[in-house]
Each structure stands twice: as C-alpha cells, then as structure tokens.
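Step one of this worksheet: look at the structure below.
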Amino acid sequence: MKEEAIKDLLYKIADDQLILGHRNSEWTGLGPILEEDIAFSSMAQDKIGHSLAFYTLLHELGEAEPDLLAFSRSATQFHNSQFTELPNGEFDYSLIRHFLYDNAEAIRFEKLSHSGYEPIAKVATKLKGEIKYHVLHANTWIRNLGSSTEEAISRLQNSLNSLMPYALGMFELSVYEQVLIDTGIYAGEEAIKEEWLTRIQQVLASTELTMPDIPSQTPMLGGRYGTHTKHLQPLLNEMAEVIKIDPTAEW
Amino acid sequence: MYGGGNTFEAIKAEGLEEEDARKMAEFEGRIAQGEKIEPDDWMPRLYRQQLIRMIEQHAHSEIIGALPEGTWITRAPGFRRKLALMAKVQDEVGHAQLLYSAAETLGKSREEMLTDLINGKSKYSNVFNYPTYTWADSCIISWLIDAGAIVNQMANSKGSYGPYCRALERICAEEAFHLKYGHDSVVYMATGSSIQRQMVQEALNRWWSQIMTFFGPSDKLSVHTETLMRWKVKMASNDECRQQYLDMYVPKILELGLTIPDPLLKKNEDTGQWEYTEPDWDEFRRVINGDGPCNAERLGVRRMAEERGAWVRLALKNPTAKYVRPLA
C-alpha cells in the first residue's frame with residue numbers, strides 16, 4: 001500500500017514536470033525577447049531534468065527505465081494535471097501558467113524536502129533551490145506586466161481567468177492521499193493549495209490584476225487518473241517520433 | 001554555431017580617401033601591433049560599417065539557426081539527447097544576445113538589427129535556408145556545421161575589435177561542447193542499427209554541399225579583401241578556412257564509415273591542398289538572395305515571433321529610461 005502510494009506521488013510529479021518542460025521548450029526561438037527565449041529554455045531544461053530525477057526514483061522502485069517511462073506510455077497512462085498539457089498559447093498564457101504552476105511546485109518541494117521517504121526528501125532538497133528561481137522569474141514578470149499597459153493587463157487577466165480551473169486541477173486528490181499524509185511522506189494537496197492561494201494572492205495584490213473568485217470555480221480534474229485533453233496524445237506522439245523509428249536502437 | 005558573417009556580401013572599399021590620414025595611420029599602426037580597437041576609439045567609417053554588418057549577420061545566424069535545430073528538441077530520442085540539445089540551442093540564442101550587444105557598441109540598436117533581419121535587408125548564414133528532414137540532419141548540423149563555425153570563429157577571435165573578440169572567445173568555449181555533443185550523436189547513429197546508419201548517411205549527403213559553401217565563395221570568385229585583412233576584420237580567406245576544415249574533418253567523417261558524396265574529393269599530396277567538386281555557387285547566390293527551400297519559412301517564423309511579442313516589449317518600456325549602450 002505504502003509503496004503504491006509513493007509511486008503514485010512520484011508519477012504525478014514526474015509527469016507534470018516532463019509535460020510542462022516539453023511545453024516550455026516549445027518557446028525555443030520564439031520568445032518575445034531573446035532573454036525570455038533563454039529563460040524558458042532554462043526552465044524547460046530544469047523541468048525535464050527534474051522529471052528524470054523522479055523517473056529514476058520510480059525505476060529504483062522497480063518501474064521501467066526513465067526513457068521508457070517518458071517515451072513509450074500512452075496518454076491514459078500519464079498522471080500529469082491537464083493544466084500542464086494545454087498548448088502554450090501566447091506569451092501571456094504561458095506566463096500565467098508558469099506563475100500558477102511554479103508557485104505550487106515551490107511549496108510542494110519545500111514540503112517534500114521534509115518527506116518521511118528519504119529518497120524523495122533528498123531529491124526535493126536538491127531541486128527546490130532551482131525552483132526558487134522559477135518562482136522569482138514568474139513573480140517578477142507578473143509584477144512588471146501586471147501593472148503596465150492596458151493590453152498587457154487585459155491579456156494577463158483573461159489568461160488568469162481561463163487557466164484558473166485548470167490550475168486548481170493540479171490539486172486533485174489521490175486515492176492514497178490519507179496514507180501519504182499519515183505516513184509523513186507528503187503534506188497532501190489541500191495543505192499545498194491553501195498556501196498556494198495565499199502566495200499567488202500576495203503577488204496579484206501588488207498588480208492591477210484581480211484574483212478570480214475561487215469558490216465558484218470548477219476544477220478541471222481527471223489528469224491524475226489518466227483522463228486528458230485532446231492535446232496530450234499528439235504531444236506524446238511528437239516526443240516519441242524519433243525513438244519509435246528504431247525503439248531497440250541506442251540514440 | 002554559425003559564423004561566416006563576413007562572407008555573405010561583396011565589400012566595397014569606398015570613401016577611404018576621405019578619412020583623416022594621420023588618424024588612419026595611427027589606427028592601422030595599433031592594429032599591426034596587435035592592439036584591440038575599443039568602442040570609443042577612432043575608427044574609419046568602413047571599419048565600423050563592416051563590423052556592424054559582420055557581427056549583426058553572425059547574431060542573426062544564431063537565432064535563425066536555432067529554428068531548424070530547435071524543432072528537434074521536442075522529438076529528441078531520450079532524455080540524454082533532449083537535455084543536451086535544449087542546452088545547445090539555448091547557447092545559440094545566448095550567443096545572439098552576446099553578439100547583438102557587441103554590435104550595439106558600434107551604434108546600431110538590437111531593434112534596428114532585428115528589423116533589418118525581418119525585412120530581408122540583412123543576411124544570415126545560408127545553410128539555415130535548408131530543411132532538417134530528420135533527426136540525423138540535426139545531428140549533422142550540430143557536429144559538422146558547428147565545426148565549421150569554430151574554424152571561422154577561432155580565426156575571427158584573433159581580430160582587432162575588442163568587444164567582438166571577447167564575445168567570440170566565450171562563444172568558442174561553448175561551441176567546443178556543441179561539437180562533442182554533435183559528434184557523439186553522429187557516432188551513435190553511424191555505428192548503430194542499419195536504419196540509423198542509413199539516416200545519418202542520407203543526412204550527410206543532403207548537407208555536404210551546404211558544408212562546402214559554409215565558408216563562402218572561392219577566393220577566385222570573391223572580391224578582394226586586403227583592406228579588411230589588414231584591419232584584422234577578416235582573419236583568413238574563405239578557401240583557407242575551407243582547407244583547414246577539410247584537413248580536420250574529412251578523416252573524422254571517413255573514420256565512422258560514412259561516405260562523402262563527392263567522388264573528386266582528395267588531398268593533392270604535392271600541393272597539400274584538398275581538391276573537390278566546386279559547389280554550385282549559382283545556387284548559393286540564388287538561395288542567399290531569398291530563393292531557397294526555407295528562406296520564407298525562417299523569416300516568417302521570426303516575423304511571427306516579433307509580432308506576437310510586440311505587446312510584451314511595449315509593456316516593458318519605461319518612458320523615463322534612456323537607451324544605454326551595452327558594456328563592451
């Protein structure tokens with residue numbers, strides 16, 4: 001039971017990072033300024049590197065090799081939140097997702113660095129320092145653009161409104177939620193969500209953006225259980241396009 | 001990646017007689033002694049103009065070159081390749097950032113340079129007007145085009161303009177890793193399964209003529225460049241670079257069991273020079289002037305990125321801020 005719970009936790013973290021890392025990497029060559037091109041590429045490298053660290057922990061628990069886990073499962077076998085798989089849209093959309101996602105990720109990793117399961121605690125302690133910079137980057141941009149031109153504010157507000165239900169889907173409860181909390185492995189999604197709401201509210205309060213009304217939102221759930229939008233499978237097909245040419249070869 | 005900046009256009013050595021003879025003599029004397037010219041130093045107009053053009057085109061080559069390779073990031077086979085390719089392409093965009101800053105020290109802003117790129121007024125390395133059909137094409141670029149860029153940039157880093165030389169030294173250090181990555185990925189394919197070997201051979205066949213044109217037209221065809229050589233703007237002739245490249249890389253390609261698609265390629269032991277089928281310079285000229293398989297697509301993507309990002313740049317503008325030239 002406990003091992004299944006740990007695997008479930010590892011899968012959702014790793015899959016979120018892989019899929020969002022993939023999306024971030026799609027900004028390569030297309031950023032609004034060169035500096036952002038470089039920043040999104042850095043974050044993509046971190047996210048994909050982090051996913052590799054978590055797939056490696058899964059492999060140590062008897063799951064397949066990281067390359068197989070990432071490149072050969074189908075969409076229904078992925079545990080990422082639907083939030084991470086949505087196409088990038090314009091820069092405002094990607095920026096809002098980055099802001100909402102990384103603030104949650106930072107809290108998740110702070111909590112995981114105290115996890116009762118030592119391999120997770122070790123990895124989380126090592127990686128949380130990198131995520132700190134992702135948050136710094138996101139919050140700085142939201143503060144800057146969130147009180148700039150009318151167009152920027154209105155774009156960010158629209159993206160915030162349309163992404164909030166998906167962002168709330170990140171906190172979808174696992175069937176192992178209570179086991180993870182009781183064994184001290186994970187603080188649980190509710191605790192993370194509460195702190196997340198406080199933190200993003202603080203940043204938004206320093207801008208001209210308005211926090212959407214949370215109680216009236218319907219979270220987009222299902223991702224943690226393999227239910228995805230139409231966007232995930234094409235993303236996975238693209239990711240596996242080369243490796244599938246000769247799956248037994250070394251590339 | 002991706003130098004070759006000074007080889008794209010003919011050079012017109014005009015207006016030199018209008019320069020102050022005493023200043024010119026002092027300027028040339030400093031260069032002859034191996035001194036670097038810095039942004040606030042006196043320099044002839046032609047020197048400034050040529051350097052802006054060369055550095056700007058080099059910078060454009062970096063961001064345009066990020067497109068044909070970048071498209072393989074999402075498809076790279078396995079974590080190891082994916083992480084390496086992401087870092088590599090990110091480096092290239094970083095090189096563009098360094099180079100635009102170096103060019104800005106000469107008085108042209110990044111915005112003006114990007115506008116000239118999109119309008120087609122300013123060129124970039126012609127090789128990126130060709131497509132990357134398969135993963136193997138991206139590996140061949142990472143190895144053999146980057147290798148060409150290193151030959152070119154190592155030479156140029158000994159040039160006379162301080163900011164460009166310093167940027168090139170940093171760039172070359174990173175390029176050395178790109179070369180290792182590219183070589184490693186080609187080795188795996190060339191020594192891998194029959195499908196992989198076929199993929200990489202086909203990619204080499206497609207890219208060989210681009211590799212041969214990378215250093216620009218033959219010295220026999222290109223206009224005289226003595227002034228630029230004396231000013232250490234251009235450090236080696238196109239043919240010198242090409243010969244050096246063939247010396248270094250032909251053995252490495254053959255060692256992997258790959259075939260170079262030029263039956264005439266051989267080293268003449270008497271002259272010490274490589275002999276080869278002359279690349280199609282008419283095609284080169286046609287493509288660099290806009291009529292290549294990917295010119296429209298590359299500029300279209302760049303234009304789209306600029307247009308879609310316009311609101312961001314506008315929002316970042318601080319009306320009270322003054323333009324500050326980057327540190328040299």
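Order of the sequence lines sets the chain letters (A, B, ...), proteins ahead of strands, with each chain counted from 1.
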Applying side chain to side chain contact (heavy atoms under 4.5 Å, CB included) to Pro234(A) and not counting sequence neighbours gives none
Which residues pass the side chain to side chain contact (heavy atoms under 4.5 Å, CB included) test with Leu314(B), sequence neighbours left out? none
Tell me, for Ala76(B) versus chain A, whether the close heavy atoms (under 4.5 Å) come from the side chain, the backbone, both or neither.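 When you check distances to chain A, only backbone atoms of Ala76(B) fall under 4.5 Å.
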Proximal component of Met86(B), with respect to chain A [non-hydrogen, under 4.5 Å]: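 Both parts, backbone and side chain.
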How far apart are the closest heavy atoms of Ala305(B) and Gly29(A), and which atoms are they?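 Reported closest heavy-atom pair: CB-O, 4.4 Å.
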Of all heavy-atom pairs linking Ile243(A) and Gly78(B), the shortest is CD1-N, 3.8 Å
So for Leu68(A), is it side chain, backbone, both, or neither that comes closer than 4.5 Å to the heavy atoms of chain B?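 Neither the backbone nor the side chain of Leu68(A) comes within 4.5 Å of chain B.
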Counterpart residues, ring pair (Phe, Tyr, Trp, His ring centres under 6.0 Å), relative to Tyr101(A) (two or more places apart): none
Quick check - list every chain A-chain B donor-acceptor pair under 3.5 angstrom, one line each.
from, atom 1, to, atom 2, distance (Å)
Gly29(A), O, Arg302(B), NH1, 3.1
Pro32(A), O, Arg313(B), NH1, 2.8
Glu35(A), OE1, Arg110(B), NH1, 3.1
Glu35(A), OE2, Gln97(B), NE2, 3.0
Glu35(A), OE2, Arg110(B), NH2, 2.7
Ile38(A), O, Gln90(B), NE2, 2.9
Ser42(A), OG, Gln90(B), NE2, 2.8
Gln45(A), NE2, Gln90(B), OE1, 2.7
Asp67(A), OD1, Phe79(B), N, 2.9
Gly89(A), O, Arg308(B), NH2, 3.0
Glu238(A), OE2, Thr74(B), OG1, 2.4
Glu241(A), OE2, Arg75(B), NH1, 3.3
Asp246(A), OD2, Ser193(B), OG, 2.5
Glu250(A), O, Gln196(B), NE2, 2.9
Trp251(A), O, Arg81(B), NE, 2.5
Trp251(A), O, Arg81(B), NH2, 3.1

Does the pair Leu316(B) and Ile33(A) meet the rule for a side chain to side chain contact (heavy atoms under 4.5 Å, CB included), with working shown? CA-CA 11 Å; Leu316(B) 290 175; Ile33(A) 53 173; 4.1 Å; yes
Does any non-hydrogen side-chain atom of Ile48(A) lie less than 4.5 Å from one of Leu83(B)? yes
With a 4.5 Å cut-off on side-chain heavy atoms, are Phe79(B) and Leu69(A) touching?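 Side chain of Leu69(A) against side chain of Phe79(B), heavy atoms only: no contact under 4.5 Å found.
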Just so I understand: if I count every heavy-atom pair under 4.5 Å between each of Ala249(A), Ala70(A), Gly21(A), Ala240(A) and chain B, which residue has the most?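 Top option by heavy-atom pairs under 4.5 Å: Ala249(A).
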Check whether more than 12 heavy atoms from other residues, nucleotides or ligands sit under 6.0 Å from atom NZ of Lys7(A), and answer yes or no.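 Yes, because the 6.0 Å sphere around NZ of Lys7(A) holds more than 12 heavy atoms from other groups.
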